[in-house]
Amino acid sequence: MTLMITAECINCDVCEPACPNQAISIGPEYYVIDPNRCTECVGHFDEPQCKLVCPVDCIPKNPDYRESENELLAKYQRLMLQS
Ligand code: SF4
Ligand code: SF4
C-alpha cells in the first residue's frame, strides 16, 4: 500500500522534504502523495518518514493501492533506475 494525505492536512510542508522518493507535492487544496512514487519508504527507511514528521497525523494507508512488501521493493528499484 502507498500512503495518502487526508483533508486534515494543514499544508505545513514538513513532509515534502522528508520523502526520499519525491512522492509528495502540493495539490489543489492540500498536499498529495503520488502512488507511483510512494514505497512506504521501503528501500530507504524502516518507517514512513512522512508519518513520523506530520504534526496532525493525517497520512493513513491508501486502501486503493494494496501492495506487498516485494511490490514496494520493486517500485523502489524502478525509481532508483529512473534517477
Ligand atoms: S511513506 Fe515514504 S515514500 Fe511514501 S510518501 Fe511518505 S515519505 Fe514518501
Ligand atoms: S506534514 Fe502533514 S499537515 Fe504537514 S503538509 Fe504534510 S500531510 Fe500536511
Side-chain angles (χ1 to χ4, degrees):
M1 279 184 177
T2 70
L3 303 190
M4 60 182 282
I5 294 172
T6 69
E8 286 139 56
C9 172
I10 57 171
N11 291 331
C12 71
D13 190 39
V14 169
C15 58
E16 191 267 333
C19 178
N21 291 328
Q22 292 82 48
I24 303 175
S25 61
I26 184 72
E29 295 173 56
Y30 48 87
Y31 278 75
V32 293
I33 293 177
D34 179 350
N36 292 314
R37 297 192 69 86
C38 175
T39 63
E40 282 191 53
C41 284
V42 166
H44 290 285
F45 299 103
D46 290 340
E47 287 182 73
Q49 299 298 292
C50 55
K51 270 182 88 75
L52 279 181
V53 298
C54 179
V56 294
D57 195 19
C58 67
I59 314 182
K61 293 196 174 196
N62 189 334
D64 291 337
Y65 293 90
R66 297 180 183 279
E67 294 163 298
S68 68
E69 188 87 4
N70 280 346
E71 286 171 321
L72 290 169
L73 196 55
K75 193 193 296 186
Y76 159 77
Q77 287 163 344
R78 174 173 55 75
L79 288 169
M80 288 303 102
L81 285 174
Q82 286 172 1
S83 63

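In this text the structure is predicted, and so the values were computed from the model without any measurement. When a ligand or atom number is given, it counts from 1 through the structure's own listing order.
- Pro48 approaches Glu40 most closely through the heavy-atom pair CG-O, 3.9 Å.
- Put simply, the residue from Cys50, Cys19, Cys41 that forms a side chain to side chain contact (heavy atoms under 4.5 Å, CB included) with Leu3 is Cys50.
- When all heavy atoms of Ala18 and Val53 are compared, the pair lying nearest together is CB-CG2, 4.2 Å.
- Among all protein heavy atoms, the one lying closest to atom 6 (Fe) of ligand 1 is Cys50 SG, 2.3 Å.
- Among protein heavy atoms, atom 2 (Fe) of ligand 1 sits closest to Cys41 SG, 2.3 Å.
- The closest side-chain heavy-atom distance from Val14 to Cys54 is not below 4.5 Å.
- Side chains of Leu73 and Gln77 form a contact here, defined as non-hydrogen atoms less than 4.5 Å apart.
- By heavy-atom distance, the residue among Leu3, Asn21, Thr2 lying nearest atom 3 (S) of ligand 1 is Asn21.
- A pairwise comparison of heavy atoms in Glu69 and Val42 identifies OE2-CG2, 3.7 Å as the closest pair.
- Take a cut-off of 2.8 Å around atom 8 (Fe) of ligand 2: the protein N, O or S atoms inside it are Cys9 SG.
- At a 4.0 Å heavy-atom cut-off, ligand 1 touches Ile24 through the side chain alone.
- When each atom of ligand 1 is checked for a heavy atom of Thr39 under 4.0 Å away, the hits are 3 (S).
- The protein non-hydrogen atom at the shortest distance from atom 4 (Fe) of ligand 1 is Cys38 SG, 2.3 Å.
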- Item | Working for side-chain hydrogen bond (donor to acceptor under 3.5 Å, both in side chains), residues Tyr76 and Asn21 | CA-CA 8 Å; Tyr76 159 77; Asn21 291 328; over 6 Å; no
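- Within the listing of ligand 2, atoms 1 (S) sit less than 4.0 angstrom from a heavy atom of Pro55.
- For atom 8 (Fe) of ligand 1, the nearest non-hydrogen atom of the protein is Cys19 SG, 2.3 Å.
- Criterion: ILVMFWY side-chain heavy atoms under 4.5 Å apart, direct or through other members. Under it, Val56 and Tyr31 are not part of a common hydrophobic cluster.
- Partners of Lys75 under the salt bridge (charged side-chain N to carboxylate O under 4.0 Å, His left out) rule, at least two apart in sequence or in another chain, are Glu67.
- Between Ser25 and Asp34 the shortest side-chain heavy-atom distance does not fall below 4.5 Å.
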